[in-house]
Each structure stands twice: as C-alpha cells, then as structure tokens.
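Please read the structure below before turning to the comments.
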Amino acid sequence: MATRIRLRRIGSNPKKRPHFHISVFNETRNRDSLFVEDLGIYEPVGKGVQVKLNKERYDYWVKKGAAPTDTVKSLAKKYSAQKEV
C-alpha cells in the first residue's frame, strides 16, 4: 500500500479560520477522505502558527515508506527546529 503524509483540512468555517490535521493517507484517497492515522495538527491562523506533531510516529511512517508532501516536510523541519530551542 502506497501511503502519503499530507494535510487534512478541518474546522467549522474553513474559509475564515482554517486548521489542518497532519495525517497518513492511502495514496489514492482524496484530501478529506478516510485516513490511516493522525500525526498532529497545524493551525496557520491565530496567535502565531501552531504545529503539534508526534515526531516518533512521523519518523515511523517515513521509515515505512510514506512520502510526505512538501508542505508537511517543511512543517516537520520547522517543528524540529522549535523543539531544540
């Protein structure tokens, strides 16, 4: 099964206050369809950008062959930088 790690948009009014779950999907699924596992959240609007990511599970899925999207890669990189500070 080919898997991807990508953003899943959620929220009551996504046009005014979008927030996303970082999730593992089967490669053939749509953005908001069924997912395999939730790895974290990303909230771009509000008081600063918030990224919460389960780094252990993210690394597990990458090791298993899941391909993260470019956005998720950059969020994971920024998240790692924040944790070290």
Side-chain angles (χ1 to χ4, degrees):
M1 176 171 85
T3 53
R4 303 240 344 141
I5 302 172
R6 60 186 185 206
L7 297 177
R8 180 170 53 102
R9 192 172 189 159
I10 59 170
S12 60
N13 191 349
K15 290 186 178 185
K16 293 186 180 179
R17 191 150 175 95
H19 51 286
F20 303 88
H21 279 200
I22 301 168
S23 303
V24 179
F25 286 87
N26 183 347
E27 193 171 288
T28 60
R29 295 289 186 157
N30 294 329
R31 181 190 70 192
D32 296 328
S33 63
L34 296 174
F35 57 94
V36 178
E37 182 179 356
D38 258 344
L39 302 179
I41 62 168
Y42 168 54
E43 296 180 4
V45 180
K47 295 182 179 180
V49 176
Q50 289 188 346
V51 177
K52 296 179 184 175
L53 180 66
N54 185 343
K55 190 68 171 158
E56 292 175 6
R57 293 303 292 170
Y58 175 82
D59 291 337
Y60 166 81
W61 279 105
V62 170
K63 189 180 282 187
K64 287 288 188 179
T69 61
D70 292 337
T71 305
V72 173
K73 278 184 197 175
S74 68
L75 290 173
K77 187 176 179 181
K78 288 178 186 177
Y79 174 77
S80 295
Q82 288 176 350
K83 290 296 270 187
E84 292 174 6
V85 174

Which atom of [X] lies closest to which atom of [Y], heavy atoms considered:
X: Lys73; Y: Tyr58; result: CA-OH, 4.2 Å
X: Pro44; Y: His19; result: CD-CA, 4.3 Å
X: Val51; Y: Tyr42; result: CG2-CD1, 3.7 Å
X: Ile22; Y: Ile41; result: CD1-O, 4.1 Å
X: Trp61; Y: Glu37; result: NE1-OE1, 2.6 Å
X: Ala2; Y: Asn26; result: O-OD1, 3.3 Å

Determine whether Leu53 and Val45 fall in the same hydrophobic cluster, where Ile, Leu, Val, Met, Phe, Trp and Tyr are linked whenever their side-chain heavy atoms lie under 4.5 Å apart.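 Cluster IDs for Leu53 and Val45 differ.
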Interatomic spacing from NE2 in His21 to CG in Asp38 - rounded to 0.5 Å: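 It comes to 5.5 Å.
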Distance (rounded to the nearest 0.5 Å) between Ile10 CD1 and Phe20 CZ: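 Here the rounded value is 9.5 Å.
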So Leu7 and Thr71, do their side chains get closer than 4.5 Å, heavy atoms only?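 In contact.
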Close side-chain approach of Leu39 to Val72, heavy-atom, < 4.5 Å: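 Not touching, per the 4.5 Å side-chain cut-off.
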The criterion is side-chain contact (heavy atoms from CB on, under 4.5 Å); which residues satisfy it with Gln50, sequence neighbours excluded?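 Partners of Gln50 under the side-chain contact (heavy atoms from CB on, under 4.5 Å) test: Glu43.
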Would the number of heavy atoms belonging to other residues, nucleotides or ligands and lying under 6.0 Å from NZ of Lys55 be above 12?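 Counting other residues, nucleotides and ligands, NZ of Lys55 exceeds 12 neighbours.
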